[in-house]
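These notes are about the structure you will find just below.
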Amino acid sequence: MPTRLSSYFLRTLREDPSDAEVASHVLLVRAGYIRRQAPGIFAWLPLGLRVKAKIEAIVRDEMAAAGAFEVHFPALLPKEPYEITGRYDEYGPGMFRLNDRKDAGLVLAPTHEEVFTLLVKDLYNSYKDLPLTIFQIQDKYRDEARPRAGLLRGREFTMKDAYSFDYTDAGLDASYQAQRDAYERIFTRLGLEYVIVKADAGAMGGSKSEEFLHPTPVGEDTFVRSAGGYAANVEAFTTLAPDAKPLEGLPAAEVHDTPDTPTIQSLVDAANADHPRADGSAWTAADTLKNVVLTLVHLDGTRELVVIGLPGDREVDLKRAEVAFAPAEVEAANEADFAKHPGLVKGYIGPWSTGGAVLGDGSSTGIRYLVDPRVVDGTQWITGANVPGEHVFGLVAGRDFVADGTIEAAEVLAGDPAPDGSGPVELARGMEIGHVFQLGRKYAEALGLKVLDENGKLVTVTMGSYGIGVTRILAIIAELNNDDKGLIWPPTVAPFDVHVIATGKDPAIYEAAERVVLDLEAKGLDVLFDDRPKVSPGVKFGDAELIGVPTIVIVGRGVADGVVELWDRRSGERTQVALDAVAASFR
RNA sequence: CGGAGUAUAGCUCAGUUUGGUAGAGCACCUGGUUUGGGACCAGGGGGUCGUAGGUUCGAAUCCUGCUACUCCGACCA
């Protein structure tokens with residue numbers, strides 16, 4: 001049976017909704033696919049559900065091809081499993097939490113690692129049952145501080161999440177690869193451009209991790225890539241450190257007066273004016289060692305001051321710092337933090353003073369001191385002397401000061417060398433559409449998932465976790481496929497295959513349209529039939545363009561001559577076809 | 001969480017400056033006309049003007065508090 005617009009649950013809007021900004025959001029609401037329920041939470045209408053189902057069908061198809069089995073968990077879960085793995089605390093305010101009438105704690109799951117692990121623990125005990133990959137398509141909940149851009153960043157979103165279970169590392173590698181391959185096929189079938197980048201495992205824990213990013217300027221992720229094939233999320237980028245240099249023969253450090261130079265720029269200007277370099281070349285910001293004071297807020301709420309030393313031509317990238325210090329939160333140090341450490345002279349902080357070490361283990365302040373990987377032994381720096389208006393020149397790393405370690409917290413700049421030697425990187429923005437992780441044994445260990453191996457020995461299972469954002473993908477496809485008239489769905493995900501419009505007052509037109517619809521359905525096509533009487537042609541054409549079914553058949557005035565028009569939504573091209581040849585013109 | 005803005009009919013908005021009977025277009029209902037680009041005529045239903053308090057003879061309009069939403073930023077699949 002065709003879907004008849006005269007009785008379909010659909011209302012299109014003539015005007016843009018005032019609360020929508022991006023094209024996908026505006027058009028999905030206007031064309032009657034979704035309705036906003038609360039910020040970042042949407043109701044799905046019949047048209048929207050059809051597109052969602054199309055995307056899910058492709059995902060299911062490839063999951064089955066990859067040997068994964070579908071299950072379905074509740075979105076509402078007890079909090080205990082999340083407490084056991086520590087994620088109840090680590091996830092922070094991003095997780096929806098609630099209590100039932102008995103005051104038992106529940107969560108709306110942001111992801112389902114814990115309960116999948118427990119399910120397998122319940123049912124499986126032997127290595128013979130592995131490998132196993134199971135998945136679900138389920139709504140996830142994350143209490144985003146600021147949901148935005150409609151479906152692109154919501155608080156409720158549909159995700160396909162798969163979990164693999166192996167008892168050997170090689171097995172995990174194979175399971176991971178199978179999902180990774182499936183993802184490539186899924187995104188290819190959906191016609192979505194993607195880049196696979198090295199990623200940080202973040203709150204999930206685990207080791208190897210890659211993100212599938214759709215390159216777009218509006219993406220929330222910054223990633224780097226080199227011509228030689230290296231690609232990584234900036235959060236996972238590792239700095240290519242130069243070789244250490246010999247310490248012998250380097251001149252002694254000298255303290256100079258540098259009044260009113262609290263910033264790197266003012267310091268460089270003063271250095272060039274008053275203390276030019278011996279060989280005559282100019283000092284630059286890269287010759288200075290900037291010491292940035294950060295406060296770590298640990299999970300138990302304690303605050304720890306830490307100083308990061310990095311070349312003065314770079315800023316600290318807070319996201320990278322967060323990753324480096326996870327699960328602690330990172331903040332800029334505030335006045336109260338400084339007040340507790342009078343040894344820190346704002347604007348003139350450095351690891352060294354005439355009185356000895358100022359930063360690091362065993363120093364006068366005892367504050368943890370971590371440096372950028374570029375600060376290798378034998379490098380010489382201009383940096384604060386811990387006295388107002390004074391800097392030390394030629395301070396040598398490894399001789400005059402020793403850091404407690406290195407840290408990947410400096411911003412990544414275009415032109416930085418890729419860590420694998422494949423050349424300089426460029427920066428680009430992308431939106432995460434898939435993520436594959438090797439979780440390793442973190443969850444299995446915490447929740448006690450073990451199996452007996454060939455030798456009858458209990459071994460802890462190793463796991464992978466694999467996510468695809470279904471509703472986000474739907475939004476991206478809508479974002480990529482529209483014009484000023486409305487949506488233009490690719491045939492693979494369109495809510496219908498054909499949109500038949502009957503327009504005219506002659507009853508023969510409607511009779512002809514009914515026959516066309518039957519012919520099309522006989523070919524196995526999903527038909528949306530605009531049979532609305534007393535609706536003017538302009539409205540029908542406008543709605544068809546707004547809804548965005550790829551092919552539109554206009555049954556109207558041509559019926560008298562035995563022809564109808566095929567209208568390609570994307571190209572706008574219209575061709576005349578004989579009435580009885582319409583169905584044959586579809587593959 | 002910082003900054004900006006908005007809140008009046010189902011939707012998009014005017015009215016607030018200067019207090020005096022609640023408005024328009026679209027959508028919806030009835031009847032008629034119309035049918036290849038968002039038609040026309042006639043009639044109709046629908047709003048405690050976000051919320052609480054205050055000023056006033058009288059508040060959508062002035063004052064104060066609160067709340068919600070949107071955008072930018074921080075954060076985030």
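Chain letters run A, B, ... following the sequence lines, proteins first, then strands; residues in each count from 1.
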G-U wobble or Watson-Crick pairing nucleotide for [N] (cut-off 3.5 Å, both distances):
N: B:rC66; value: B:rG50
N: B:rC57; value: B:rG20
N: B:rG31; value: B:rC41
N: B:rA14; value: none
N: B:rC71; value: B:rG3

| request: Please tell me which of A:F157 and A:D16 maps to the more 5' nucleotide of RNA chain B, matching each residue to the nucleotide holding its nearest heavy atom. | output: A:D16
Counting N and O atoms only, with roles assigned by atom type, does the side chain of [X] sit under 3.5 Å from a partner on the main chain of [Y], one being a donor and the other an acceptor?
X: A:D181; Y: A:A178; answer: no
X: A:S164; Y: A:G464; answer: yes
X: A:R142; Y: A:P110; answer: yes
X: A:D568; Y: A:R570; answer: yes
X: A:Y183; Y: A:G467; answer: yes
X: A:K208; Y: A:Q438; answer: no

| task | For each nucleotide in nucleotides 70-76 of chain B, reading 5' to 3', give B when a protein heavy atom comes within less than 4.0 Å of its base, S when such contact involves only the sugar-phosphate, and - otherwise. | result | SBBBBBB
| query | Is A:K79 positioned over the aromatic face of A:Y88, cation under 6.0 angstrom from the ring centre and no more than 45 degrees off axis? | reply | yes
For the [atom1] atoms, the ones on [N] and on [M], what distance do you get once it is rounded to whole angstrom?
N: B:rU21; M: B:rG3; atom1: C1'; answer: 42 Å
N: B:rG20; M: B:rG47; atom1: P; answer: 23 Å
N: B:rU34; M: B:rC71; atom1: P; answer: 47 Å
N: B:rC63; M: B:rG10; atom1: C1'; answer: 33 Å
N: B:rA68; M: B:rA52; atom1: C1'; answer: 14 Å
N: B:rC57; M: B:rG15; atom1: C1'; answer: 23 Å
N: B:rA60; M: B:rG50; atom1: P; answer: 10 Å
N: B:rG31; M: B:rG45; atom1: C1'; answer: 16 Å

| salt bridge (Lys or Arg N to Asp or Glu O under 4.0 Å) between A:R429 and A:D221, intermediate numbers included | CA-CA 6 Å; A:R429 303 282 289 178; A:D221 279 303; over 6 Å; no
Ion pair present between [X] and [Y], side-chain N to carboxylate O less than 4.0 angstrom?
X: A:D61; Y: A:R189; value: yes
X: A:K160; Y: A:E56; value: no
X: A:E514; Y: A:R4; value: yes

Might you list the N or O atoms of the protein lying below 3.5 Å from N or O atoms in nucleotides 23-27 of chain B, with each pair's distance?
from: B:rG25; atom 1: N2; to: A:E15; atom 2: OE1; distance (Å): 3.1
from: B:rA27; atom 1: OP1; to: A:R14; atom 2: NH2; distance (Å): 3.3

What pairs of donor and acceptor atoms, side-chain ones from residues 31-50 of chain A against any protein atom, are under 3.5 angstrom apart with sequence neighbours left out?
from: A:Y33; atom 1: OH; to: A:W489; atom 2: NE1; distance (Å): 2.8
from: A:Y33; atom 1: OH; to: A:I547; atom 2: O; distance (Å): 2.6
from: A:R36; atom 1: NE; to: A:D19; atom 2: OD2; distance (Å): 3.4
from: A:R50; atom 1: NE; to: A:P495; atom 2: O; distance (Å): 2.8
from: A:R50; atom 1: NH2; to: A:D526; atom 2: OD2; distance (Å): 3.4

| message | Test salt bridge (Lys or Arg N to Asp or Glu O under 4.0 Å) on A:E114 and A:R87; report intermediate values, then the result. | response | CA-CA 9 Å; A:E114 284 82 355; A:R87 287 211 297 167; 2.7 Å; yes
| query | Can we call the ring centroids of A:Y466 and A:Y163 under 6.0 Å apart? | reply | no
| Atom-pair distance (CD1 on A:I501; P on B:rG38), nearest Å | 14 Å
| field | Whole-Å distance separating the CZ atom of A:F541 from the C1' atom of B:rA39 | value | 14 Å
| field | Worked check of salt bridge (Lys or Arg N to Asp or Glu O under 4.0 Å) between A:R569 and A:E545 | value | CA-CA 7 Å; A:R569 172 64 182 94; A:E545 287 169 311; 5.1 Å; no
Applying a 4.0 Å non-hydrogen cut-off, can you work out what [X] is touching in the nucleic acid: base, sugar-phosphate, or nothing?
X: A:G467; value: nothing
X: A:G558; value: base
X: A:E211; value: nothing
X: A:G154; value: base

| request: Determine the minimum heavy-atom distance between A:G504 and A:Y510, stating which atoms define it. | output: O-CE1, 3.3 Å
| query | Hey, can you pull the residues of residues 45-61 of chain A with a non-hydrogen atom under 4.0 angstrom from RNA chain B? | reply | none
| query | Heavy-atom contacts under 4.0 Å between residues 543-552 of chain A and RNA chain B, which residues? | reply | A:D543, A:E545
| query | Under 30°, 30 to 60°, or over 60°: which ring-plane class applies to A:F73 and A:H112, parallel, tilted or perpendicular? | reply | tilted
| request: Give a yes-or-no answer on whether the side chains of A:T503 and A:R557 include a donor-acceptor pair shorter than 3.5 Å. | output: no
Each nucleotide N or O in nucleotides 31-35 of chain B that has a protein N or O under 3.5 Å away: list the pair and distance.
from: B:rU35; atom 1: OP1; to: A:K505; atom 2: NZ; distance (Å): 3.4
from: B:rU35; atom 1: OP2; to: A:K505; atom 2: NZ; distance (Å): 2.7
from: B:rU35; atom 1: O2'; to: A:G504; atom 2: N; distance (Å): 3.4
from: B:rU35; atom 1: O2'; to: A:K505; atom 2: N; distance (Å): 3.3

